[in-house]
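As the structure lists them, so they are numbered: ligands from 1, and atoms in each ligand from 1.
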Amino acid sequence: MADLGLSMHAQSIAEPNVFWQQAAEAISWDLAPKTVLDDSNKPFYRWFSDGKMNTCFNALDRHVLAGRGEQTAIHYISPVTQHEYSITYQSALAQVKRLAGLMLSLGVSKGDRVVIYMPMVPETAYAMLACARIGAIHSVVFGGFAANELSTRINDAKPTLILSASCGIEPSGVVPYKPLLDDALSQAHHKVDHCIILNRTEYQAQLQSPRDLDWYSSLVEAPDADCISLAATDPLYVLYTSGTTGQPKGVVRDNGGHAVALAWSMKHIYDIGIGDVFWAASDVGWVVGHSYIVYGPLLVGATTIMYEGKPIGTPDAGAFWRIIEQKQVRSFFTAPTAIRAIKREDPEGDFIKQFDLTCLKQMYLAGERCDPDTLNWSQQHLGKPVIDHWWQTETGWPVAANLMGTDPIEIKPGSPARAVPGYQVEILDAMGVPVAPNESGNVVIKQPLPPGTLTTLWQNDKRYIDSYLSMYPGYYLTGDAGYIDEEGYLYIMSRIDDIINVAGHRLSTGRFEEVLCQHDAVAEAAVIGVQDKLKGQVPLGLVVLKNGVTMSDEALYKELLALVRHEIGPVASFRLVSAVQKLPKTRSGKILRATMRKIADNQEYTMPATIEDPQTLDIVRNALTKMGYANALTTEIT
Ligand SMILES: CCC(=O)SCCNC(=O)CCNC(=O)[C@H](O)C(C)(C)COP(=O)(O)OP(=O)(O)OC[C@H]1O[C@@H](n2cnc3c(N)ncnc32)[C@H](O)[C@@H]1OP(=O)(O)O
């Protein structure tokens, strides 16, 4: 039988111009592109460089013009506040037009950056779409980040305007956002003239006049704004992601390639078209939220869900299944951590049995490595295909997936299936030589990357090249290690750098270390990601204290945990820290984090030949054991 996925993939690599020109027909262009792949400035490949369009027009206006204005665009569900309502395409468009008009009247123009620091409310989507409408470049910052992280991003993006809300809602209660914004702005050296604040009833924020404007009262007098015709290559957004240093990387996404790729993925990967209900249970602060809560579903005229709740506790482990039944969700996307949390509360899947999930055709998992147990448990209890798939903030849409809207293939637990059309994924050894099937190496993607992937890092072409393109010229380095089996299935095993993934949140150990070293008692710090049954990985810190520190361990640890939470935010989930006399290092001074991680996780390791003091490994092992790690015999391979 013909394998449609394979033949599509082959065509996308052999004839990218033909493949993507056809895909581009799903988008309304002001000026249809004649050039598909523009390789005139390698390694900066561009797609549809002579095309003109507007992403907001494609996400809202054209559906209204086509007579679907009364269809639901967004279902908003906030279980803690008990607010729930649906917004039609027509009314979303009215909100976005008005907000875009307000932005223009505040002096925002094409190419200006607008930072959005908001919770999971429909206004966040309006803010993103209003930017897209007038060609402003949005930069959404996840609400779980602290003021300091927000100020770093403000300094880098240099926004003209900030949109925020008085608070977010977590199961633990109201999380005030506005004081964090005020703090971030006082720390930032970049100054903004205006902030538009959504004052929620759960927490009323103090507005600082004339800087701060109340969202809805300012809209009353604002004019409506039309869509501006943009070059396909104009930036749509900058989304910061953790790099190996504390300075986050501003991933730049363009308009045209992004719209084409997302529309293609909605149909071919997620099996979603006009009028279908798609739900990505993530947060708009992450790329999943950008691509699959806001843009992807709206670009194809589907209905999306903004859920301001959690998989468990809001109110129970049946929350996802209840909403899927109520809103008739066809395809559902969440992170493995969410399923592990549900499984822990409802091991027999009793909640799942309470709902009629006939509407649900498949569930997708991504954001972190999916362990086979989690996939098998959900597949067994749901009785539906569960699709692990793999991608990154940088790629913006799936690199490897089972094409459920095209030609589903066998599910192999542990693998996110095969490379998606457009992506030529290879495994290279340290010398850049392709390895044999089933052999591990660095996962790379041959350039050009397909439409919709990052075009550069914000104002930093050099870092873009250094981070992704310099190790293997002609290839994009994903930063992941893995292998491909003889049937072309990809397996992602680990990171090759010091990035950790905590409950699907990508965090830099370098940033944790910077923060720990800010404490007066700390001379040196090393942070590693250790395995965690619920969150996949959690950060663990080992600190070397300065001479003469007299504080008790207990008091010191409490201060260090609080410091990390204050500087990075609750999303850091930093709960494990211990003092050691010395850290294991090479003779050139490099901390042996990978070896420490293996010891913590009870994996085999090789004593690095260049280690400065082998006894430091015993010191670390003792500390880890006391913290509940390294508790089985870890073998050293000699
Ligand atoms: C494929 C491309 C990509 O990888 S893009 C990234 C994809 N990742 C995701 O979609 C993330 C998936 N994870 C999740 O959605 C959550 O972790 C789930 C599974 C729902 C669990 O949530 P939760 O119980 O809050 O745990 P957590 O580890 O996320 O949170 C830790 C602490 O941070 C807090 N937090 C979380 N979000 C916010 C927010 N928006 N605003 C303010 N605070 C936030 C949580 O309340 C929690 O705080 P605390 O430590 O319990 O006090």
NZ/Lys267: more than 12 non-hydrogen atoms of other groups inside 6.0 Å:
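No - once you tally the heavy atoms of other residues, nucleotides and ligands closer than 6.0 Å, there are 12 at most.
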CD/Gln354: more than 12 non-hydrogen atoms of other groups inside 6.0 Å:
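Yes, the 6.0 Å shell around CD holds more than 12 heavy atoms from other groups.
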Test side-chain hydrogen bond (donor to acceptor under 3.5 Å, both in side chains) applied to Arg253 - qualifying residues, sequence neighbours left out
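side-chain hydrogen bond (donor to acceptor under 3.5 Å, both in side chains) list for Arg253, sorted by chain: Tyr237.
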side-chain hydrogen bond (donor to acceptor under 3.5 Å, both in side chains) partners for His9, two or more places apart:
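Testing His9 for side-chain hydrogen bond (donor to acceptor under 3.5 Å, both in side chains), a comparison that skips the adjacent residues, returns none.
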Any donor-acceptor pair under 3.5 Å linking the side chain of Ser166 with the backbone of Gln204?
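Answer holds: no.
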Taking only non-hydrogen atoms of Ser172, do any sit less than 4.0 angstrom from ligand 1?
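No, Ser172 has no heavy atom closer than 4.0 Å to ligand 1.
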Atoms of ligand 1, numbered as shown, that sit under 4.0 Å from any heavy atom of [X]:
| X | result |
| --- | --- |
| Val571 | 33 (O) |
| Ala335 | 12 (C) |
| Pro311 | 20 (C) |
| Asp283 | 40 (N) |

What is the nearest protein non-hydrogen atom to atom 46 (O) of ligand 1, stated with its residue, atom name and distance?
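Answer for atom 46 (O) of ligand 1: Glu170 OE1, 2.5 Å.
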Quick one: nearest non-hydrogen protein atom to atom 25 (O) of ligand 1, plus distance?
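Here the nearest protein heavy atom works out to Lys310 NZ, 2.6 Å.
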Using a distance threshold of 4.0 Å (strictly less than), state whether atom 21 (C) of ligand 1 has a protein heavy-atom neighbour.
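So far as the 4.0 Å threshold goes, atom 21 (C) of ligand 1 is out of reach of every protein heavy atom.
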Should His505 be counted as touching ligand 1, given the test is an N or O pair under 3.5 Å?
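Checking ligand 1 against His505, an N or O pair does fall under 3.5 Å apart.
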Can you measure from CG (Leu540) to CZ (Phe512) and round to the nearest 0.5 angstrom?
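The distance works out to 11.0 Å.
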I need the minimum non-hydrogen distance between Ala146 and Arg565, along with the two atoms involved.
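Of all heavy-atom pairs spanning Ala146 and Arg565, the closest is CB-O, 4.0 Å.
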Shortest heavy-atom approach to atom 15 (O) of ligand 1 - which of Gly309, Gly504, Ala281
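The option holding the nearest heavy atom is Ala281.
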